[in-house]
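A note on names: the letters A, B, ... follow the listed sequences, proteins ahead of strands, and every chain is numbered from 1. Small disclaimer: the values here were computed from a predicted structure and weren't measured.
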Protein chains: 4
Amino acid sequence: MPKVSEEHRVARRAQIVAAARTCVVEQGFHKTTMADVIAASGLSAGAVYGYFKSKEELVAAIAEEALSAVDELFATVLAADEPLHPAMALERVLNYIVAIAERPGGDITRVALQAWAEALRNPVVMEIAAGKYRMLRSRFAEVARRAQADGTIPADADPEQVAQVLFGFVPGFILQRLLLGDITPESYTAGLRAVLRD
Amino acid sequence: MPKVSEEHRVARRAQIVAAARTCVVEQGFHKTTMADVIAASGLSAGAVYGYFKSKEELVAAIAEEALSAVDELFATVLAADEPLHPAMALERVLNYIVAIAERPGGDITRVALQAWAEALRNPVVMEIAAGKYRMLRSRFAEVARRAQADGTIPADADPEQVAQVLFGFVPGFILQRLLLGDITPESYTAGLRAVLRD
Amino acid sequence: MPKVSEEHRVARRAQIVAAARTCVVEQGFHKTTMADVIAASGLSAGAVYGYFKSKEELVAAIAEEALSAVDELFATVLAADEPLHPAMALERVLNYIVAIAERPGGDITRVALQAWAEALRNPVVMEIAAGKYRMLRSRFAEVARRAQADGTIPADADPEQVAQVLFGFVPGFILQRLLLGDITPESYTAGLRAVLRD
Amino acid sequence: MPKVSEEHRVARRAQIVAAARTCVVEQGFHKTTMADVIAASGLSAGAVYGYFKSKEELVAAIAEEALSAVDELFATVLAADEPLHPAMALERVLNYIVAIAERPGGDITRVALQAWAEALRNPVVMEIAAGKYRMLRSRFAEVARRAQADGTIPADADPEQVAQVLFGFVPGFILQRLLLGDITPESYTAGLRAVLRD
DNA sequence: AATGAATGAGACTTCATTCAT
DNA sequence: TATGAATGAAGTCTCATTCAT
């Protein structure tokens, strides 16, 4: 039989990850069975195992996909070269997160929460999560440096420490949105403006 | 061994939850088997099932226990009647969290992370988490009101929105501490002071 | 502690068997747990095991009790010395069975059905059932002999074979009553009169 | 081994039911474990559960199979269009039952007894048993009507009531055969001829 | 004698993965 | 390559019975 094209393989892989994601959004990593994924993907067991050697590998792929939303933040929201006020940066990030969460295919912030828990006992997922979050936080450090340049933040502050705080708002927002529900980028931003230096 | 006292039952229950907690800290809710818990508790399967009707019930108890650390924060750190500066309140909270996390018996912030993920597909855990976090956040709203009274925070801000932000620092701290590791109450507090109004 | 009186022991035993019977009527021998019986009897596990060494022994006692309804038939319905027409004998038996089945404490014909099934794999129950039914059938043989004496049944018939048939009506009645429900002593007796020699 | 034919599935199912039947013949429904059935079938646990979702479903299938012997009676013994004397009909039925019982694979009258007991607490089995027995009894009603046509049975009798009695002989025969053993179609038929109108 | 918590073997069932077709 | 039936280790939970108090 002819080898399938590389694009075909990539498309199939994406199809499987997408199917698996919808399962994980609803049931979490551990209650999602390979049979669930196989049924949702419309493929056969053998086909799925042709793309992912094990459930663990598939879990890593789903976690990777969900956490890669961070790359988008990186590329679009925080990429600007102009000085970016911290409150403004956060506002953009939160809006972007909600936009991503509401895309069809399931709220990937739910997958991110699963990934946080999974990272604690799965070194591969830990590696992915830590890598992504370190990158995002370093971008916040850049924001902090610019804010120091224009005096919004004291010049003697450590930008890495400031970045910890700025980054730290994000999981706080995601968690409250998923568990308590009564939070929006607007309400959170309003609170931020009341609390942050500006 | 019949006719045991109520305290005996309470102690046994605590013994089981403690054993289960150490398992969950290491392996998460789903990789922890009842056999693991049974072995760690030193009891028999039947005895454990005499106290918890199902694994689900035991999971809820562990989640409840871990999330009840919030009650301690409530009772000690945030209880003071004197005006409490938001940065000071957060500093106390973070120190307290680290103190709790380092207690023997396992880092319960790891269990909290598990509980966040579990809440998404387990209504009982969701109920527990949402209840605890709503209480904690309402305490932060109180802090915000006091801060408005002494002018630290603008008088026209909505204290509930401010509370969302103050509360939001906490999961941000916990997550960075567990996934990235390079964060301490001191570093975070320093960043906070640079960023917060004061 | 003083030994309890013999009557006390007998009463307790009866109390346990009665409790167990109500369980078996509803759930059968195998779905009835010792915990069910213990709860229904109002005694403790230890107490119940003081009277019955094992579940098997209790099952045998329940089966014995239920199948001993046959002794009552024996003593009352079929005891008469006067000639007893077969159809009349069966009519009396069926009426008696329904009367017993409707006594408070649960329909023991349901227990009898359980005992038939249990007898196939439990030699003790088999012994009890076979003994009781042999006795009842020998009484039907007596009825047959009397019926031969007054010419209702051909004189050259084997009364034991006739007894097989007369006895055989009884489980047929019990089974139809429990499984199909649409049968009464009256309807069955009417059918009998149409079919039997008289 | 994918893409198996429908016949393959049917054959596998029959293989499992046959294995289960031999277990049930010896030990009854409740003492038969799934492990017993799995071992007897020569398949794996997963394979068996691929055909039967639960033990309950398998029990229903075994009960159905055993009670479907009635369909054979229906098709062969009682199907004749010619007038059929009740005593003759019963004689044929009893002979057929013994023939079936002695087939290799285990005496299914033992399974029928189990099914009677199980029907009392299992609505699915009750449904099967009641359905089969209602059909068989309606066939006996037909026999009764023919017997009325040729005067063997009084014309004013209710054929349904007569059918209750004719049907009622059958469990009486089965039960005596299994519990007392000392009964044959010949002895029972001889008794019948002595007792029945003819 | 009575209690009932504790025991632990064993029941039922699931599910990640393989491999003959 | 693709299929999906089959595998079997391992998971959750039950329950007859015991025995320290």
- request: Please collect all salt bridge (charged side-chain N to carboxylate O under 4.0 Å, His left out) contacts where either partner lies in residues 38-51 of chain B, sequence neighbours excluded, each pair once.
  value: none

If the condition is side chain to side chain contact (heavy atoms under 4.5 Å, CB included), which residues does [X] pass it with, not counting sequence neighbours?
X	answer
C/Ser44	C/Ala47
D/Arg121	C/Lys31, D/His30, D/Glu118
A/Val48	A/Ile16, A/Met34, A/Ile38, A/Ser41, A/Leu43
A/Glu127	none

- prompt: Using a cut-off of 4.0 Å between protein heavy atoms and nucleotide atoms, how would you tag nucleotides 7-14 of chain F 5' to 3' with B, S and -?
  reply: BBB-SSBB

query: Any ring pair (Phe, Tyr, Trp, His ring centres under 6.0 Å) pairs touching residues 43-67 of chain B, not counting sequence neighbours?
result: none

- line: Across all chains, not counting sequence neighbours, the salt bridge (charged side-chain N to carboxylate O under 4.0 Å, His left out) partners of A/Asp107 are A/Arg177

message: Checking C/Glu57 now: which residues fulfil salt bridge (charged side-chain N to carboxylate O under 4.0 Å, His left out) with it, not counting sequence neighbours?
response: C/Lys53

query: Got a sec, which residues hit side-chain hydrogen bond (donor to acceptor under 3.5 Å, both in side chains) with B/Ser54, two or more places apart in sequence or on another chain?
result: none

task: Quick one: the dot-bracket string of DNA chain E, using Watson-Crick and G-U wobble pairs with both distances under 3.5 Å, [ ] for crossing pairs and | for bases paired to another strand.
output: .||||||||||||||||||||

For DNA chain F, the residues among residues 57-66 of chain A that have a non-hydrogen atom under 4.0 Å from it: none

